[in-house]
Amino acid sequence: MLAIRLTAEPERLDTLILPVRPGAADDAWAESVPTAVALPDGIADEVAVLIPAARSRGRAGDVHTQVRPGGVPRRLLLLGIGGADEAAWRTSGAALVRAVKSETHVTIALPVGVAPAAVRGLIEGLLLGSYRFRLGAQTDPPTLTDVDLAVTDPEAYEQAVNVARITARMTRLARDLTNMPASVKNPRWFAGQVAEAVADLPGVTLRVREPAQLAAEGFGGILAVGGGSASGPRLVELDWHPADARTHVVLVGKGITFDTGGISIKPVPAMKLMRKDMAGAAAVVAATLGAAALGLPVRVTTLAPLAENMVSGAAFRPGDIVRHYGGLTSETTNSDAEGRLVLADALAYAVAELNPDLLVDLATLTGANAVALGTRTGALYSDNDQLAEDLLAAIRSAGESAWRMPLPTDYVEHLGSDLADLYSAPTQGGGSVLAALYLREFTGDLADRWLHIDMSAPSWCDRDDAELTRGATGWGVRGLLRWLAALD
Ligand code: BES
Ligand code: MN
Ligand code: ZN
């Protein structure tokens, strides 16, 4: 991760970044922005000439590079900051870090009186836009290691810098976990990664249930889905329990380390990226570690049911009836509807044993999420208007996207089974909605304190785009952390 430092006395001015904002009129060239620290002599005049020459309009993420052989600075970059709010700075930071990846050190002269939220956005953009997942040697490794942010009063930004660093670090952790090939990332490995992260965080406890314990306690959904794999399932239970906590949140995340579809096997194109099917688990784990690293005064218990949905002689079959934690049963006519089976156990366990104030689950649950909402937006479900509004607001201000979807009462009948309490894979259509309705059946008395997000679509992206990088996005970590930080 890049080293980012705030300083009132920038020392190295080799590569200097100057923010520029849009001019007053629509079609005007950019304007320079007064900076917090003094610039080398002559630079301000040079920028005034450079802006029209570079045809800079100052939009967030526009970058123009001027090479000045032998000069100080030796490279001058004009960085468009658009509306200069947190989101614009996030975009600018990500664009900048791509433009300077072959430098080693850069200094950004921030505007006079720049807001802490803007600095937060900038740092998140820098740290997320420079993320890369690669096993083995890189052909063109980036060389940038240090970014100095020049401001008059570094202390004023300590909190914003800390929050941005931890948010980015945890988002990057979720990306790492999700990008990792499934040959490495089996349930035991995932649980081991969580244990390593917890070792650095006093105050967080971890319990990992192995198959024998899952059987003893009746986690039939997790065992059915994990039964076909040579790598047995696990249930990760993390707990951040600060003494001053007033609210207890339980987070649940789908952790299918690879989804072949099982006996109801997926076709090749649909299976290709199914190592990402644990992105919900990665997001809730990373958000919980982030809450602990920030010392947020809220209790967070996190459940990550981990299993690999494989095809084998031991795999569960379409038509099997699964008995979940707590006793509800599911008729499983399609083994590709596996996520809801493991989540059902975890939700039922949370309701029966953990007594939370709020219950939130994240899951790469259905392809229907993208059909309804496209590639960047999660589908959010809750009967609780306040909870839905709060979480939506947190998600949006963190730079992620979700849209609230309905839980129509008259669809509930599609969940009826002749043989069991519930039918796990109704075929009536509205796949994301029906999956949400199925999950609600396991939330018992907490149904109106529960919220579910189907994040199949935004968990992955196919190209670099602002702070997102190709591959896993770490979606949900930023929104959850912001929401947890705002709870009292
Ligand atoms: N993991 C998939 C959902 C998925 C699809 C995630 C595309 C990310 C991208 C899930 O387990 C699944 O297979 N869902 C089925 C449900 C159906 C069998 C009721 C689906 O969406 O087709
Ligand atoms: Mn599936
Ligand atoms: Zn799945």
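In each ligand, atom 1 is the first atom listed, and ligand 1 is the first ligand listed. Residues take their numbers from the sequence shown, with the count starting at 1. Because only heavy atoms are used, hydrogens play no part in the values below, and waters and symmetry mates are left out as well, while side chains stay in.
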Exercise. Out of the N/O/S atoms in Asp277, what is the name of the one closest to the Zn ion (ligand 3)?
Worked result: OD2

Exercise. Would you say Met278 contacts ligand 1, with heavy atoms under 4.0 Å as the rule?
Worked result: no

Exercise. N/O to N/O below 3.5 Å, does that happen between Lys254 and ligand 1?
Worked result: yes

For this session: Please step through side chain to side chain donor-acceptor pair (under 3.5 Å) for the pair Tyr423 and Thr333, ending with a clear verdict.
Result: CA-CA 8 Å; Tyr423 185 51; Thr333 40; 3.1 Å; yes

For this session: Starting from atom 20 (C) of ligand 1, find the nearest protein heavy-atom neighbour and note its residue, name and distance.
Result: Gly367 N, 4.0 Å

Exercise. Any N or O on Thr366 sitting closer than 3.5 Å to an N or O of ligand 1?
Worked result: no

For this session: Would you indicate whether Asp418, at its atom CG, is surrounded by more than 12 heavy atoms from other residues, nucleotides or ligands within a distance under 6.0 Å?
Result: no

Problem set entry | ligand 1 to Asn334 polar contact by distance, N or O atoms, under 3.5 Å | no

For this session: For a side chain to side chain donor-acceptor pair (under 3.5 Å) with His248, tell me which candidate from Thr301, Asp357, Asp239, Asn355 qualifies.
Result: Thr301

Exercise. Quick one: does NZ or CZ of Arg172 land under 6.0 Å from the six-membered ring centre of Tyr131, within 45 degrees of the ring axis?
Worked result: no

Exercise. With a cut-off of under 6.0 Å to the ring centre and 45° to the axis, is Arg209 in cation-pi contact with Tyr349?
Worked result: yes

Exercise. Atoms of ligand 1 less than 4.0 Å from Met274 heavy atoms?
Worked result: 1 (N), 4 (C), 5 (C), 6 (C), 7 (C), 8 (C), 9 (C)

For this session: Could you check which N/O/S atom of Asp259 is closest to the Zn ion (ligand 3)?
Result: OD2

For this session: Of the side chain and backbone of Asp336, name the one, both, or neither that has a heavy atom under 4.0 Å from an atom of ligand 1.
Result: both

Exercise. Is Arg396 salt-bridged to Glu400, going by a charged N under 4.0 Å from an acidic O?
Worked result: no

Exercise. Is the CZ atom of Arg246 crowded by more than 12 outside heavy atoms at less than 6.0 Å?
Worked result: no

For this session: Tell me which protein heavy atom sits closest to atom 2 (C) of ligand 1, plus the residue, atom name and distance to 0.1 Å.
Result: Asp259 OD2, 3.6 Å

Seminar exercise, completed: Here the atoms of ligand 1 under 4.0 Å from any heavy atom belonging to Lys266 are 2 (C), 12 (C), 13 (O)

Exercise. Should we count CZ of Arg470 as having more than 12 external heavy atoms under 6.0 Å?
Worked result: no

Exercise. Does a salt bridge link Asp385 with Arg404, judged by any charged N lying under 4.0 Å from a carboxylate O?
Worked result: yes

Problem set entry | Any side-chain donor near an acceptor of the partner, Asn384 and Asp448, under 3.5 Å | no

Exercise. Can you give me the NZ-the Zn ion (ligand 3)-OE2 angle for Lys254 and Glu338, to 10°?
Worked result: 90°

Problem set entry | Atom CD of Gln213 with >12 non-hydrogen neighbours under 6.0 angstrom | yes

Problem set entry | Numbering as shown, the atoms of ligand 1 that approach Glu338 to under 4.0 Å (heavy-atom distance) | 11 (O)

Exercise. So does Asp336 have any N/O/S atom less than 2.8 Å away from the Zn ion (ligand 3)?
Worked result: no

Problem set entry | Distance flag for atom 22 (O) of ligand 1, protein heavy atom under 4.0 Å | no

Exercise. For Gly339, is at least one N or O under 3.5 Å away from an N or O on ligand 1?
Worked result: no

Exercise. Does one side chain, of His324 or Ser330, offer a donor that lies under 3.5 Å from an acceptor on the other?
Worked result: yes

Problem set entry | Under 3.5 Å: N/O of Ser456 near N/O of ligand 1 | no

Exercise. Lys276 heavy atoms, cut-off 4.0 Å: which ligand 1 atoms fall inside?
Worked result: 8 (C), 9 (C)

Donor-acceptor list for residues 425-436 side chains, cut-off 3.5 Å, not counting sequence neighbours:
| residue | atom | partner | partner atom | Å |
| --- | --- | --- | --- | --- |
| Gln428 | NE2 | His414 | ND1 | 3.4 |
| Ser432 | OG | Tyr381 | OH | 2.7 |
| Ser432 | OG | Asp454 | OD2 | 2.9 |

For this session: Give the intermediate values and the outcome of salt bridge (Lys or Arg N to Asp or Glu O under 4.0 Å) for residues Asp336 and Lys266.
Result: CA-CA 8 Å; Asp336 200 9; Lys266 287 182 183 291; 3.0 Å; yes

For this session: Identify whether the distance between the nearest side-chain nitrogen and carboxylate oxygen of Arg188 and Glu308 falls below 4.0 Å.
Result: no

Exercise. Quick one: does Thr143's side chain have a donor or acceptor within less than 3.5 Å of a partner on Lys101's backbone?
Worked result: yes

For this session: At a cut-off of 2.8 Å, list the protein N/O/S atoms near the Mn ion (ligand 2), residue plus atom name.
Result: Asp259 OD2, Asp336 O, Asp336 OD1, Glu338 OE1

Problem set entry | Contacting atoms of ligand 1, where contact means under 4.0 angstrom from a heavy atom of Arg340 | 16 (C), 19 (C)

Seminar exercise, completed: Closest to atom 10 (C) of ligand 1 (heavy atoms only, candidates Leu365, Thr427, Thr260) is Leu365

